[in-house]
Colleague: 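For reference, the structure I am asking about is given below.
When a ligand or atom number is given, it counts from 1 through the structure's own listing order. Worth knowing before you read on, the calculation uses all heavy atoms, side chains too, and leaves out hydrogens, waters and symmetry mates. If you're wondering where the values come from, they're calculated on a predicted model, not measured in any experiment.
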Amino acid sequence: MTYEEALTYLTAHGQQHLLRYYPTLTPAQQEHLLEQISNLHLERPQFQNREAAAQQRGHFAPLGAVTLEQIAEKADEYRRIGLQAIRDAKVGAVLLAGGQGSRLGFDHPKGMYNMGKTRDLYIFECLIHNLKKVTDEAEAYVPLMIMTSEQNDAETRAFLKEHDYFGYSADNVHFFKQETEPAVDENGKIFLNAPDQIVLSPNGNGGWFSSMQRAGLLQTIEEIGLEWLNVFAVDNVLQQIADPVFIGATIASGCASGGKVVSKADPDERVGVLCLEDNKPSIVEYYEMTEEMRTLRNEDGSLAYRFGVILNYLFRVDALMHTLGSDFPLHIAHKKISHLNEAGELVKPEEPNGYKFETLVLDMVHMQDSCLAFEVDRSKEFAPVKNAVGVDSVETARALLEQNGVVL
Ligand code: UTP
């Protein structure tokens, strides 16, 4: 793209300020900036009009889960099926670690956060420890694919290498980077954070499978013969990965996917709920639920929309292939975004000052024909580290780790 082409393109979309510093840049910097501009895709409706990104939702209906009691009755059978699938090299794990963890306010990849009090215990270490419990029992490795972002890739790789992958086999660890989207201010103008650098942030956790494709990992999946991928978030320190009982139950159910869920403590708890939308599995966010949906009860008195998701899903690889090339909705997140101000100084805001565009893994659930909701005990499997203090924080997650016998 030439300067003239960039100017015409940006002017057509009201973003010509991105060329403000162009005359002062070195030829290499100019080229760098033009390259970023050529990758912007500003013609998408979300960049024209933020409201256009709001999704039209269909008709919601409750979806039941296999409950803790039902799972306990068949746990041995499910475990046997799941362990066999792992031994047959049918199961891979995908760690979503490309987020920015802005609420935690930690300047490194979230997995590097030290949960220990008297010793070092990093989040990555907690997760790999949980995965190793399964692979030791199965006596077979589960390939672990780690999604990083442009910003945290090098640091994540170096950290895991330095710690010898916390005892996992390096040959079974694969990294891939997710894509980026530009961030905009409250008026829809794209931010710069250096004269030749557009603010590009990770594009959300929904694009993991297409990013794996771009990184060439689908070939690896095919070569190994993986049939299931267990996708999970970095920030739940009690996350059970490649759980054989979950794998076995999902395989036995014949569903195309499975999602671990926890029973909501009360109707107003702020979690997304696994349900049906136009007869397909879907997740309705707490703020999208009407009062009637929130309080609707089954005959036995339990909440009808009861099962909250914890970002731990199983997807069948052949069903995922059908999602490639699909248009994921772009969600808008109000965030704190460092940027150059009018005077050309770098500003680090204390409050959200702009918007990022993200695809979400929950939209991938809606692309599946079926999903087994699999209930787990939240006190054993759900300790999210989202905030520095308060709800879902380092403190609450530490307490849950200790409750589960982990020495900190
Ligand atoms: P969150 O939605 O909590 O986002 O991620 P975040 O970026 O980590 O944190 P905040 O909102 O800025 O505080 C849920 C999971 O999805 C991953 C995160 O790493 C986490 O495992 N994620 C999120 C990605 O891999 N990429 C993204 O672009 C966003």
Colleague: Quick one: nearest non-hydrogen protein atom to atom 6 (P) of ligand 1, plus distance?
Modeller: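 Of the protein heavy atoms, G101 N, 3.6 Å lies nearest.
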Colleague: I need the atoms of ligand 1 closer than 4.0 Å to a non-hydrogen atom of P202, numbered in the order shown.
Modeller: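 Heavy-atom distances to P202 below 4.0 Å select 28 (O).
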Colleague: Are K74 and E69 close enough for a salt bridge, meaning some N to O gap below 4.0 Å?
Modeller: no
Colleague: What protein heavy atom lies closest to atom 16 (O) of ligand 1? Include the residue and the distance to one decimal.
Modeller: N205 ND2, 3.1 Å
Colleague: Do D243 and K260 sit within salt-bridge range, that is, some charged N less than 4.0 Å from a carboxylate O?
Modeller: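 Salt bridge between D243 and K260, a charged N being under 4.0 Å from a carboxylate O: yes.
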Colleague: Do me a favour and list the nearest non-hydrogen protein atom to atom 17 (C) of ligand 1 with residue, atom name and distance?
Modeller: L96 O, 3.7 Å
Colleague: Taking Q239 for the side chain and L127 for the main chain, is one N or O donor matched with an acceptor at less than 3.5 Å?
Modeller: no
Colleague: Considering only non-hydrogen protein atoms, determine which one is nearest to atom 7 (O) of ligand 1 and report residue, atom name and distance to 0.1 Å.
Modeller: Q100 N, 2.8 Å
Colleague: Can you list the atoms of ligand 1 that are under 4.0 Å from a heavy atom of D235?
Modeller: 3 (O), 20 (C)
Colleague: Counting non-hydrogen protein atoms only, what is the nearest one to atom 28 (O) of ligand 1? Give residue, atom name and distance.
Modeller: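 Looking at atom 28 (O) of ligand 1, the protein heavy atom closest to it is G204 N, 2.8 Å.
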Colleague: Judging by distance only, is a nitrogen or oxygen of G98 under 3.5 angstrom from one on ligand 1?
Modeller: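 Yes, there is a polar N/O contact under 3.5 Å.
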Colleague: May I ask you to check whether Y3 and Y22 place their ring centers less than 6.0 Å from one another?
Modeller: yes
Colleague: Under 6.0 Å between ring centres, would you say that holds for Y305 and F60?
Modeller: no
Colleague: Are R316 and D318 within salt-bridge range, i.e. N to O under 4.0 Å?
Modeller: yes
Colleague: Closer than 4.0 Å to some heavy atom of Q178 - which atoms of ligand 1 meet that?
Modeller: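 Every atom of ligand 1 under 4.0 Å from some heavy atom of Q178: 24 (C), 25 (O), 26 (N), 27 (C), 28 (O).
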Colleague: As a quick check of understanding, evaluate side-chain hydrogen bond (donor to acceptor under 3.5 Å, both in side chains) for Q368 and S257, giving each step before the final call.
Modeller: CA-CA 7 Å; Q368 309 302 314; S257 62; 5.0 Å; no
Colleague: As an exercise, identify every atom of ligand 1 less than 4.0 angstrom from a heavy atom of A233.
Modeller: 15 (C), 21 (O)
Colleague: Of the non-hydrogen atoms in E277 and Q56, which two are nearest, and what is the gap between them?
Modeller: OE2-O, 4.4 Å
Colleague: For atom 13 (O) of ligand 1, tell me which residue out of R103, M147, K110 has the closest non-hydrogen atom.
Modeller: R103
Colleague: Any idea which protein heavy atom is nearest atom 24 (C) of ligand 1, and the distance to it?
Modeller: G99 N, 3.2 Å
Colleague: Can you list the ligand 1 atoms lying under 4.0 Å from a non-hydrogen atom of V234?
Modeller: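 Going through ligand 1 atom by atom, the ones under 4.0 Å from V234 are 19 (O), 21 (O).
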Colleague: May I ask you to identify the nearest protein heavy atom to atom 14 (C) of ligand 1, giving residue, atom name and distance to one decimal place in Å?
Modeller: K386 NZ, 3.7 Å
Colleague: What residue and atom, counting heavy atoms only, is the protein's closest point to atom 12 (O) of ligand 1, and at what distance?
Modeller: S102 OG, 2.6 Å
Colleague: Aromatic ring centroids of H331 and F357 under 6.0 Å?
Modeller: no
Colleague: Can E402 and K117 be counted as an ion pair, charged N to O under 4.0 angstrom?
Modeller: yes
Colleague: Looking at K335, which atoms of ligand 1 are within less than 4.0 Å of one of its heavy atoms?
Modeller: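 Near K335, the atoms of ligand 1 are 10 (P), 11 (O), 12 (O).
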